[in-house]
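All remarks here apply to the structure that follows.
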Amino acid sequence: MSRRVINLLVLFLLIGMFGFFGYSIASKGGDNTDVGDQAFNFELPNLDGTNTVLSDYKGEMVVMNFFATWCAPCVDEAPELELFAKDYGDQYKFIMINRGETKDRVKKFIEKYPTQAVYLFDASDKVSKKYNVTGQPETIIIDRQGVVREHHSGPVTSMQLYEMVKKHDK
């Protein structure tokens, strides 16, 4: 095989790889909710067995925290979230979204780390995927106009959370 044929094959291979990766990236991000987007409205079951709809909080600042009880950073973060909810829970709506665990397991977690938050269950990870949540803990701030303003990966302190919320509370 001549050198020219090999160079053409390598060129076509590279073009194909870039095309595949470009298509993968474009098709993955098109349907998700990112910072600056209108918040995706969802309905998830809560602790009392009824469903909670995000649009019920229209006009309010909303903090959503995605967590799991087995997640060590989530456990470390829990006292900070508890403090935030205690200090600012009357000003800002606080929603804890559990990723794939049972209500009984979450109830035990709440006994140890009580908050005034609304606890929701995203068993299929549909809402997590819609908000590009890839791990836990992850926190999302939605402003009073329903726009996603922050997406923080990793644990936050009460003060960090307050600063993120206050920055967008207009």
Side-chain angles (χ1 to χ4, degrees), residues 27-158 160-162 164-166 168-169:
S27 63
K28 181 181 174 187
D31 197 27
N32 294 339
T33 304
D34 291 316
V35 172
D37 292 343
Q38 194 67 33
F40 167 70
N41 190 31
F42 60 82
E43 181 174 355
L44 289 174
N46 56 39
L47 271 177
D48 67 11
T50 62
N51 286 342
T52 297
V53 180
L54 180 62
S55 62
D56 290 346
Y57 301 105
K58 186 177 180 181
E60 301 184 63
M61 291 291 295
V62 176
V63 176
M64 294 192 311
N65 181 274
F66 293 81
F67 80 104
T69 61
W70 52 263
C71 157
C74 299
V75 172
D76 292 343
E77 180 188 54
E80 293 290 330
L81 300 179
E82 186 179 333
L83 182 61
F84 176 83
K86 180 181 170 195
D87 291 344
Y88 307 108
D90 58 336
Q91 299 174 49
Y92 307 116
K93 297 302 173 191
F94 195 47
I95 300 173
M96 297 285 291
I97 300 178
N98 181 267
R99 301 184 66 199
E101 295 180 288
T102 65
K103 287 182 183 178
D104 289 340
R105 190 171 175 117
V106 172
K107 284 179 182 175
K108 288 179 185 171
F109 183 80
I110 294 169
E111 288 172 8
K112 195 169 182 180
Y113 306 103
T115 68
Q116 300 170 352
V118 173
Y119 283 83
L120 304 180
F121 296 88
D122 187 18
S124 65
D125 254 0
K126 181 182 172 190
V127 172
S128 301
K129 288 177 183 170
K130 198 74 174 172
Y131 280 95
N132 292 318
V133 173
T134 57
Q136 54 273 334
E138 292 192 27
T139 303
I140 293 176
I141 309 294
I142 300 171
D143 72 10
R144 296 182 189 281
Q145 289 73 43
V147 176
V148 175
R149 293 298 177 189
E150 299 276 346
H151 184 154
H152 180 86
S153 296
V156 294
T157 65
S158 175
Q160 286 174 313
L161 195 51
Y162 176 74
M164 284 192 286
V165 172
K166 192 66 181 167
H168 301 290
D169 187 14

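Position 1 is the first residue of the sequence; numbering continues from there.
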**Fill in**
In short, Ala39 meets Ile142 closest at the heavy-atom pair CB-CD1, 3.7 Å
**Phe66 and Val127: CA distance, side-chain angles, deciding distance, side-chain contact (heavy atoms from CB on, under 4.5 Å) verdict** = CA-CA 10 Å; Phe66 293 81; Val127 172; 4.3 Å; yes
**Working for side-chain contact (heavy atoms from CB on, under 4.5 Å), residues Phe42 and Thr33** = CA-CA 12 Å; Phe42 60 82; Thr33 304; over 6 Å; no
**Complete:** dist Thr115:OG1 -> Ile95:CD1 (nearest 0.5 Å) comes out at 11.5 Å
**Message:** Contact between Met96 and Leu81 at the side-chain level, heavy atoms closer than 4.5 Å - yes or no?
**Reply:** yes
**Asked** Is there side-chain contact between Trp70 and Arg105, with at least one heavy-atom pair below 4.5 Å?
**Response** yes
**Asked** Just by modelled atom types, is the Thr69 backbone N or O under 3.5 Å from a matching donor or acceptor in the Glu101 side chain?
**Response** yes
**Asked** To the nearest 0.5 Å, what is the distance between NZ (Lys166) and CE (Met61)?
**Response** 9.0 Å
**Asked** Would you say the side chains of Asp169 and Tyr92 form a donor-acceptor pair under 3.5 Å?
**Response** yes
**Request:** Check whether any side-chain heavy atom of Glu77 sits under 4.5 Å from a side-chain heavy atom of Thr139, and report yes or no.
**Result:** yes
**Prompt:** Are any of the side-chain heavy atoms of Asn65 and Leu161 separated by less than 4.5 Å?
**Reply:** no
**Exercise: identify the closest heavy-atom pair between Pro137 and Pro73** = CD-CB, 3.7 Å
**Nearest heavy-atom neighbours spanning Asn51 and Pro45** = OD1-CA, 3.2 Å
**Message:** Within the 4.5 Å heavy-atom criterion, are Pro114 and Glu82 side-chain neighbours or not?
**Reply:** yes
**Request:** Taking all heavy atoms of Gln116 and all of Ala85, pick out the closest pair and write down the distance.
**Result:** OE1-O, 3.4 Å
**Request:** Give the C-alpha distance, both sets of side-chain angles, the deciding distance and a yes or no for side-chain contact (heavy atoms from CB on, under 4.5 Å) between Val165 and Phe94.
**Result:** CA-CA 11 Å; Val165 172; Phe94 195 47; over 6 Å; no
**Heavy-atom closest contact (Tyr131 atom, Phe40 atom, distance)** = OH-O, 2.6 Å
**Request:** Spell out, as yes or no, whether a donor-acceptor pair under 3.5 Å connects the side chain of Asp125 to the backbone of Lys129.
**Result:** no
**Asked** Heavy atoms, side chains only, cut-off 4.5 Å: are Asp87 and Tyr162 in contact?
**Response** no
**Message:** As an exercise, state the distance from CD of Glu60 to NZ of Lys93, rounded to the nearest 0.5 Å.
**Reply:** 4.5 Å
**Message:** Please confirm whether the ring centroid of Phe109 lies under 6.0 Å from the ring centroid of Tyr119.
**Reply:** no
**Item:** Note, Ser128 side chain near Asp122 side chain (heavy atom, < 4.5 Å)
**Value:** yes
**Prompt:** Which distance, rounded to the nearest 0.5 Å, do you find between the NE2 of His151 and the CE of Met64?
**Reply:** 9.0 Å
**Gln145 side-chain N/O to Gln38 backbone N/O, donor-acceptor pair under 3.5 Å** = no
**Complete:** From the list Asn32, Asp31, Asn41, side-chain hydrogen bond (donor to acceptor under 3.5 Å, both in side chains) partner of Lys130 resolves to Asp31
**Fill in**
CD of Glu43 to CG of Leu54, rounded to nearest 0.5 Å, is 11.0 Å
**Request:** Report the C-alpha distance between Val63 and Tyr88 in whole Å, list the side-chain angles of each, state the deciding distance to 0.1 Å, and finish with yes or no for side-chain contact (heavy atoms from CB on, under 4.5 Å).
**Result:** CA-CA 11 Å; Val63 176; Tyr88 307 108; over 6 Å; no
**Prompt:** Closest heavy-atom contact between Gln160 and Pro155?
**Reply:** OE1-O, 4.2 Å
**Prompt:** Heavy atoms, side chains only, cut-off 4.5 Å: are Ile140 and Val35 in contact?
**Reply:** no
**Option from Leu44, Thr52, Leu47, Asp48 for which side chain to side chain contact (heavy atoms under 4.5 Å, CB included) with Val118 holds** = Thr52
**Request:** Calculate, to the nearest 0.5 Å, the distance between atoms CG and NZ belonging to Asn98 and Lys103 respectively.
**Result:** 11.0 Å
